[in-house]
There are 2 protein chains.
Amino acid sequence: MSEEHHPHSGHNHNDCIEAALETAEQLCTEQGQRLTKVRRRALELIWESHRPLGAYQLLAKLAEEGFNSAPPTVYRALDFLLAAGLIHKVESMNAFLGCAHADKVHKGYFLICDECHNVMEFDYQDIHASLIARAAEQDFELRSETIELTGLCSACKAAGASA
Amino acid sequence: MSEEHHPHSGHNHNDCIEAALETAEQLCTEQGQRLTKVRRRALELIWESHRPLGAYQLLAKLAEEGFNSAPPTVYRALDFLLAAGLIHKVESMNAFLGCAHADKVHKGYFLICDECHNVMEFDYQDIHASLIARAAEQDFELRSETIELTGLCSACKAAGASA
DNA sequence: TTTCTTTTGTTATAGTATAACAAGAATTAA
DNA sequence: TTAATTCTTGTTATACTATAACAAAAGAAA
Ligand SMILES: [Zn+2]
Ligand SMILES: [Zn+2]
Ligand SMILES: [Zn+2]
Ligand SMILES: [Zn+2]
């Protein structure tokens with residue numbers, strides 16, 4: 001599948017999807033959560049794009065496959081997947097992205113390309129630590145972090161330079 | 001750059017508003033931009049709340065005062081104020097906040113209280129530098145940063161503890 | 001089986017944002 | 001000053017994002 005331009009170009013994305021789904025099954029089993037058909041398929045569809053997927057884009061894909069096509073269906077699935085840590089929401093895009101590290105507790109930090117709209121998740125403990133420390137200086141107890149950086153990815157920079 | 005937006009700092013907020021409006025006038029004049037009636041009043045209304053204001057909340061306030069009450073009116077004003085750096089958008093709240101440092105080029109980093117919904121802007125050069133460096137490691141050219149941290153503010157932590 | 005809980009179906013509505021084109025106001029050029 | 005230009009606002013319509021509320025069905029537990 002996917003020959004399209006994406007940040008981890010060169011890898012076999014099917015492996016990503018398979019691994020993610022397997023992790024999801026495991027985590028849900030461990031936590032006594034049910035990865036139902038629609039939840040599982042939603043996760044799979046989100047993973048099939050490296051780009052974050054909007055709720056209604058996802059809804060359309062699910063509808064094509066015969067799932068119920070009312071908004072609550074997809075938002076419920078998304079809520080479940082978010083709560084389980086299997087996906088992240090990119091706030092600045094109102095879109096959702098599979099998480100490749102669902103088995104580790106972490107915050108989603110993102111690099112978003114303005115040009116190709118691909119999103120890369122990154123995880124830097126030093127920045128996380130700095131943020132906690134800075135918040136603590138204000139006597140602020142940190143709970144969640146939305147870290148979304150936009151700009152030009154490597155590939156788009158190269159493409160722009162040669163254009 | 002950190003106390004101005006704080007809900008419980010006991011300052012005279014009218015001074016904030018006045019200062020912000022004066023800065024806005026100056027910046028617009030310098031840059032040959034027009035701070036029209038509706039733009040100016042929108043900025044003032046945003047400043048009159050410590051909490052970020054939603055577009056439609058703002059629209060309602062403007063409508064009360066006889067301004068045109070169709071959505072484009074408020075979104076145009078917001079677009080102008082954003083472009084001029086006079087306000088920030090808090091992505092995770094779909095809401096807008098006056099910037100107390102519009103005269104300095106900077107990114108808006110926010111501490112958002114889950115309890116009282118007040119927002120504090122903070123600015124830490126070291127975190128900014130780290131983010132640029134980390135992005136550069138991925139050959140990613142950083143353009144914008146959305147940094148929104150949620151949790152419990154000092155006052156709400158205290159209130160919760162004593163409750 | 002019966003009961004309880006979780007999940008899904010369904011309809012309606014709330015909330016956020018932009019497109020497209022017309023009209024008006026301000027600036028500039030002639 | 002008038003005409004041309006540019007910027008701003010008015011107006012209508014629509015697209016996009018998300019949730020409320022209640023009914024029905026499915027799954028787990030008793
Ligand atoms: Zn992740
Ligand atoms: Zn790119
Ligand atoms: Zn600011
Ligand atoms: Zn608070």
Side-chain angles (χ1 to χ4, degrees), chain A residues 24-25 28-43 45-46 51-84 86-97 117 146 148, chain B residues 24-25 27-43 45-46 49 51-84 86-97 117 146 148:
Chain A
E25 299 276 16
C28 287
T29 302
E30 282 172 21
Q31 295 164 23
Q33 298 285 76
R34 287 153 59 192
L35 191 63
T36 61
K37 272 196 177 181
V38 66
R39 290 169 177 173
R40 194 194 146 90
R41 188 59 186 140
L43 180 57
L45 286 167
I46 288 170
R51 293 180 177 79
L53 207 56
Y56 281 74
Q57 290 175 279
L58 176 56
L59 186 56
K61 287 175 193 281
L62 287 170
E64 276 176 21
E65 300 181 8
F67 287 96
N68 178 31
S69 66
T73 297
V74 75
Y75 280 103
R76 283 166 180 158
L78 289 169
D79 286 347
F80 175 87
L81 297 171
L82 284 169
L86 297 170
I87 60 172
H88 295 289
K89 178 174 184 183
V90 183
E91 294 289 348
S92 57
M93 301 177 76
N94 293 317
F96 303 84
L97 186 69
H117 303 108
T146 299
E148 300 174 6
Chain B
E25 299 276 16
L27 288 176
C28 288
T29 301
E30 282 172 21
Q31 294 164 24
Q33 298 285 77
R34 286 155 58 193
L35 190 65
T36 61
K37 272 196 177 180
V38 66
R39 290 169 176 173
R40 193 193 147 90
R41 189 58 186 140
L43 180 58
L45 287 167
I46 288 170
S49 168
R51 294 179 175 79
L53 206 58
Y56 281 73
Q57 290 176 279
L58 176 56
L59 186 57
K61 286 175 193 281
L62 287 170
E64 277 177 20
E65 300 181 9
F67 288 95
N68 179 31
S69 65
T73 297
V74 75
Y75 280 102
R76 283 166 180 156
L78 289 169
D79 286 347
F80 174 87
L81 297 171
L82 284 168
L86 298 170
I87 62 173
H88 295 289
K89 179 174 184 183
V90 182
E91 294 289 348
S92 56
M93 300 178 76
N94 294 317
F96 303 84
L97 186 69
H117 304 107
T146 298
E148 300 175 5

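Naming: A, B, ... by sequence-line order, numbering from 1 per chain. Predicted, not measured: the structure shown is a model, and the values here were computed from it.
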- Message: What I'd like to find out is whether the side chain of B:Leu82 reaches to under 4.5 Å of the side chain of B:Phe96, using heavy atoms alone.
- Response: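 They are in contact (side-chain heavy atoms under 4.5 Å apart), so the answer is yes.
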- Item | CD on B:Gln33 to CZ on B:Phe80, rounded to 0.5 Å |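 With rounding to 0.5 Å, CZ (B:Phe80) is 5.0 Å from CD (B:Gln33).
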- Looking at CD of A:Gln57 and CD1 of A:Ile46, how far apart are the two atoms once the value is rounded to the nearest 0.5 Å?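 A:Gln57 atom CD to A:Ile46 atom CD1 measures 10.5 Å (nearest 0.5 Å).
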Closer than 4.0 Å, any side-chain N/O of [X] to the OP1 or OP2 of [N]?
X	N	value
B:Lys89	C:dA17	yes
A:Asn94	D:dA18	yes
A:Arg76	D:dT19	no
A:Tyr75	D:dA18	yes
A:Asn68	C:dG9	yes

Rounded to the Å, how far apart are [X] [atom1] and [N] [atom2]?
X	N	atom1	atom2	answer
A:Phe80	C:dT5	CZ	C1'	15 Å
B:Phe67	D:dT9	CZ	C1'	12 Å
B:Leu58	C:dT16	CG	P	12 Å
B:Leu59	D:dG10	CG	P	11 Å
A:Lys37	D:dA26	NZ	P	12 Å
A:Glu91	C:dT16	CD	C1'	14 Å
B:Leu53	C:dT16	CG	C1'	14 Å
B:Leu62	D:dT9	CG	P	11 Å

- Message: Please compare A:Asp79 and B:Val38 by the position of their nearest nucleotide in DNA chain D and report the one closer to 5'.
- Response: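 Nearest-nucleotide comparison on DNA chain D picks B:Val38.
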- Task: Select from A:Gln57 and A:Pro72 the residue whose nearest nucleotide in DNA chain D is closer to the 5' end of that strand.
- Result: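 Nearest-nucleotide comparison on DNA chain D picks A:Gln57.
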- Starting at the 5' end of DNA chain C and moving along, which residue's nearest nucleotide shows up first, B:Arg34 or B:Ala95?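 Looking at the nearest nucleotide for each, B:Ala95 comes out on the 5' side.
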- Query: Is a side-chain donor or acceptor of A:Thr73 paired with a backbone partner of A:Ser69 at a separation under 3.5 angstrom?
  - Reply: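 Between the backbone of A:Ser69 and the side chain of A:Thr73 there is no qualifying donor-acceptor contact (under 3.5 Å).
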- Task: Answer yes if the side chains of A:Thr146 and A:Glu91 hold a donor-acceptor pair under 3.5 Å, and no otherwise.
- Result: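 Per modelled atom types, A:Thr146 and A:Glu91 side chains form no pair under 3.5 Å.
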- Query: For the base of D:dA15, is there a side-chain donor-acceptor partner from A:Tyr56 under 3.5 Å away?
  - Reply: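 A donor-acceptor contact between them is absent.
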Of all the nucleotides listed ([options]), which has the minimum atom distance to the side chain of [X]?
X	options	answer
B:Arg39	C:dT10, D:dT8, C:dA17	D:dT8
B:Phe96	D:dT11, D:dT8, C:dA17	C:dA17
A:Ala70	D:dG10, C:dT11, C:dA17	C:dT11

